[in-house]
Amino acid sequence: MVRLKYRYFLTSLHYLDSGPDLHLTEEILQNAIYNAIEENYGEFGLGHVLGRIKIVYLALLSGTGLVRVPADFEKQSRVSLSSLVVVNSKRCVINVIHVGGTIRSCQKQLVKHNVNKLHRQMLDTQDVREREQIKTVLDKTLLDIRNLAVS
């Protein structure tokens, strides 16, 4: 008997027409992914992943999500996620930031992604006070990361 292996997709959900959809649930997103897989790969593809895809984490305000998919259907799932253009009747784009074998690897990548995002935001802002606030948060985050690495 062989155990099932999974991959975890760290995703970013961007809405094209409006702000974040606060009525989006894990079930709605999961059904949208199933529909995209069926559209791209037919009933065979849907039958292969049905019940095996799970939304592990979904943050509505930041648009960050963690999706668990079967390892043997990783490429097809990634294509289907990228082809998804409407979720819950709202136009959107889903970017896959990282593909990992564990939730922990995705968490580490999310921290790196957020630090880079803060750094870009700090460089783009013109307000000195706002820049200092971002720098303080960035320094505290980097210090926390170093402390976690030591322990």
Side-chain angles (χ1 to χ4, degrees), residues 1-124 134 137-151:
M1 191 161 153
V2 178
R3 72 179 179 99
L4 297 175
K5 295 186 180 182
Y6 291 98
R7 295 290 177 259
Y8 295 90
F9 291 164
L10 178 61
T11 61
S12 177
L13 181 66
H14 301 282
Y15 289 97
L16 301 176
D17 299 332
S18 62
D21 183 6
L22 300 179
H23 302 291
L24 181 66
T25 63
E26 294 173 355
E27 183 180 341
I28 292 171
L29 182 58
Q30 187 172 348
N31 288 335
I33 293 171
Y34 284 147
N35 290 338
I37 289 173
E38 184 177 22
E39 186 178 308
N40 288 318
Y41 299 101
E43 290 179 3
F44 173 77
L46 181 62
H48 188 73
V49 299
L50 199 60
R52 293 174 62 196
I53 290 181
K54 181 180 178 188
I55 309 300
V56 178
Y57 172 75
L58 181 62
L60 297 178
L61 291 177
S62 67
T64 305
L66 191 61
V67 182
R68 185 187 76 178
V69 300
D72 57 342
F73 212 70
E74 174 189 342
K75 290 180 184 175
Q76 295 87 344
S77 299
R78 188 172 186 162
V79 168
S80 296
L81 272 175
S82 298
S83 71
L84 202 58
V85 292
V86 175
V87 174
N88 205 16
S89 303
K90 292 193 176 190
R91 292 183 51 221
C92 66
V93 175
I94 297 180
N95 295 324
V96 177
I97 300 169
H98 177 73
V99 179
T102 62
I103 294 175
R104 183 153 175 91
S105 70
C106 290
Q107 287 173 333
K108 289 178 182 178
Q109 191 62 36
L110 179 60
V111 169
K112 288 180 186 177
H113 176 73
N114 286 340
V115 166
N116 290 337
K117 200 173 182 181
L118 276 172
H119 191 265
R120 281 193 309 269
Q121 185 178 1
M122 184 178 74
L123 295 176
D124 289 344
I134 294 172
V137 169
L138 195 57
D139 290 341
K140 183 182 181 322
T141 303
L142 291 173
L143 183 64
D144 290 345
I145 292 170
R146 286 187 199 109
N147 289 339
L148 282 175
V150 171
S151 61

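Here the structure is a predicted model, which means the values were calculated and not measured. Below, each value reflects all heavy atoms present in this structure, side chains not excepted, and no hydrogens, waters or symmetry copies. Quick note: residue numbers are just sequence positions, from 1.
The ring pair (Phe, Tyr, Trp, His ring centres under 6.0 Å) contacts involving residues 74-112 comprise nothing, where partners must be two or more places apart or lie in separate chains.
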Just distance, no hydrogens or angles: give the donor-acceptor pairs under 3.5 Å from side chains in residues 73-82, sequence neighbours left out.
unit_1 : atom_1 : unit_2 : atom_2 : d
Ser77  : OG     : Phe73  : O      : 2.7
Ser80  : OG     : Asn40  : ND2    : 3.4
Ser80  : OG     : Gln76  : O      : 3.0
Ser82  : OG     : Arg78  : O      : 3.1

Can you give me every donor-acceptor pair (side chain of residues 4-14, partner residue at least two apart or in another chain, under 3.5 Å) with its distance?
unit_1 : atom_1 : unit_2 : atom_2 : d
Thr11  : OG1    : Gly65  : O      : 3.2
Ser12  : OG     : His14  : NE2    : 2.9

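The neighbour count for Arg91 CZ, taken as heavy atoms of other residues, nucleotides or ligands under 6.0 Å away, does not exceed 12.
The minimum heavy-atom distance linking Thr102 with Ser105 is given by the pair O-OG, 2.9 Å. When all heavy atoms of Gly100 and Cys106 are compared, the closest pair comes out as N-SG, 4.1 Å. Across every non-hydrogen atom of Asp21 and Leu60, the tightest pair is O-CD2, 3.8 Å. Residue Leu46 comes nearest to Ile37 through the heavy atom pair N-CG2, 3.9 Å, listed as atom of the first residue, atom of the second, then distance.
For the atom pair Asn116 CG and Gln109 CD, the distance stands at 8.5 Å (nearest 0.5 Å). In this structure, the separation between CD on Glu39 and CG on Leu84 is 9.0 Å, given to the nearest 0.5 Å. Atom NE2 in His113 sits 6.5 Å away from atom OG1 in Thr64 (nearest 0.5 Å). Between the CG atom of Asn31 and the CD atom of Glu38 there is a distance of 11.5 Å, given to the nearest 0.5 Å. Here the CD1-OG distance, from Ile28 to Ser89, works out to 9.0 Å after rounding to the nearest 0.5 Å.
Here the side chains of Ile55 and Ile33 are in contact, with some heavy-atom distance below 4.5 Å. Contact of the Asn114 side chain with the Leu118 side chain is not registered, since no non-hydrogen atoms from C-beta on lie closer than 4.5 Å. Residues Ile94 and Leu29 meet the side-chain proximity criterion, which asks for heavy atoms closer than 4.5 Å.
His48 meets the side-chain hydrogen bond (donor to acceptor under 3.5 Å, both in side chains) test with Asp72; sequence neighbours excluded. By the salt bridge (charged side-chain N to carboxylate O under 4.0 Å, His left out) test, Asp124 is found to be paired with no residue, residues two or more places apart in sequence or in another chain being considered. With sequence neighbours left out, the side-chain hydrogen bond (donor to acceptor under 3.5 Å, both in side chains) criterion links Gln30 to Tyr34.
With hydrogens and angles disregarded, no donor-acceptor distance shorter than 3.5 Å links the side chain of Asn95 to the backbone of Ile97.
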